[in-house]
Amino acid sequence: MEAAMILSVPEMSCGHCKATIEAALAAVGAKADFDLPNHEVEVSGLPAATVLAALKGAGYEAEVIG
């Protein structure tokens with residue numbers, strides 16, 4: 001299993017955004033914890049490239065910050 005990473009997702013601003021991102025990550029088998037006020041998502045279970053591609057496919061740009 002891949003180590004957890006923290007992603008910055010600047011466009012994530014509401015519950016709908018969170019739900020869309022959560023569904024995209026679940027579809028590829030990742031687990032996520034959300035910090036909506038800070039626009040951050042902690043993801044575990046997959047390589048960064050897979051997670052970033054899933055988010056891009058859902059319409060969200062993200063970058064690994066931790």
Side-chain angles (χ1 to χ4, degrees):
M1 183 150 130
E2 296 289 323
M5 69 189 106
I6 299 174
L7 304 175
S8 172
V9 188
E11 299 295 319
M12 181 179 70
S13 60
C14 66
H16 180 264
C17 297
K18 177 185 178 273
T20 301
I21 291 168
E22 196 164 34
L25 293 174
V28 295
K31 305 258 187 207
D33 289 312
F34 292 83
D35 180 353
L36 193 57
N38 290 315
H39 310 280
E40 295 177 0
V41 182
E42 183 176 347
V43 181
S44 59
L46 292 172
T50 303
V51 171
L52 294 173
L55 290 178
K56 187 169 184 138
Y60 293 89
E61 293 292 330
E63 74 174 302
V64 178
I65 59 170

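For clarity, every value in this text was computed on a predicted model and none was experimentally measured. For reference, positions follow the sequence shown, starting with 1.
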- line: Here the gap from Thr20 atom OG1 to Tyr60 atom OH, rounded to the nearest 0.5 Å, amounts to 4.5 Å
message: Within the 4.5 Å heavy-atom criterion, are Val41 and Leu25 side-chain neighbours or not?
response: yes
query: At their closest point, which heavy atom of Val43 faces which heavy atom of Ala30, and how far apart are they?
result: CG1-CB, 3.7 Å
message: Could you report the tightest heavy-atom contact between Glu11 and Cys17, atom names first, then the distance?
response: O-SG, 3.7 Å
- prompt: If Ile, Leu, Val, Met, Phe, Trp and Tyr residues are connected whenever their side-chain heavy atoms lie under 4.5 Å apart, and connections chain through other members, are Ile6 and Met12 in the same group?
  reply: no
task: Determine which pairs satisfy salt bridge (charged side-chain N to carboxylate O under 4.0 Å, His left out) with at least one residue from residues 19-43, sequence neighbours left out, and list them in order.
output: Lys18-Glu22
message: Can you give me the closest heavy-atom contact between Val28 and Leu46, atom names plus distance?
response: O-CD1, 3.0 Å
query: Considering all heavy atoms of both residues, which atom of Gly15 and which atom of Leu36 are nearest to each other, and what is their separation?
result: N-CD2, 4.2 Å
message: If you compare all heavy atoms of Pro10 against all heavy atoms of Glu61, which two are closest, and at what distance to 0.1 Å?
response: CD-O, 3.8 Å
query: Below 4.5 Å, heavy atoms only, C-beta onward: do Val51 and Val64 meet side chain to side chain?
result: no
Test side chain to side chain contact (heavy atoms under 4.5 Å, CB included) applied to Glu63 - qualifying residues, sequence neighbours left out: Ser8, Ile65
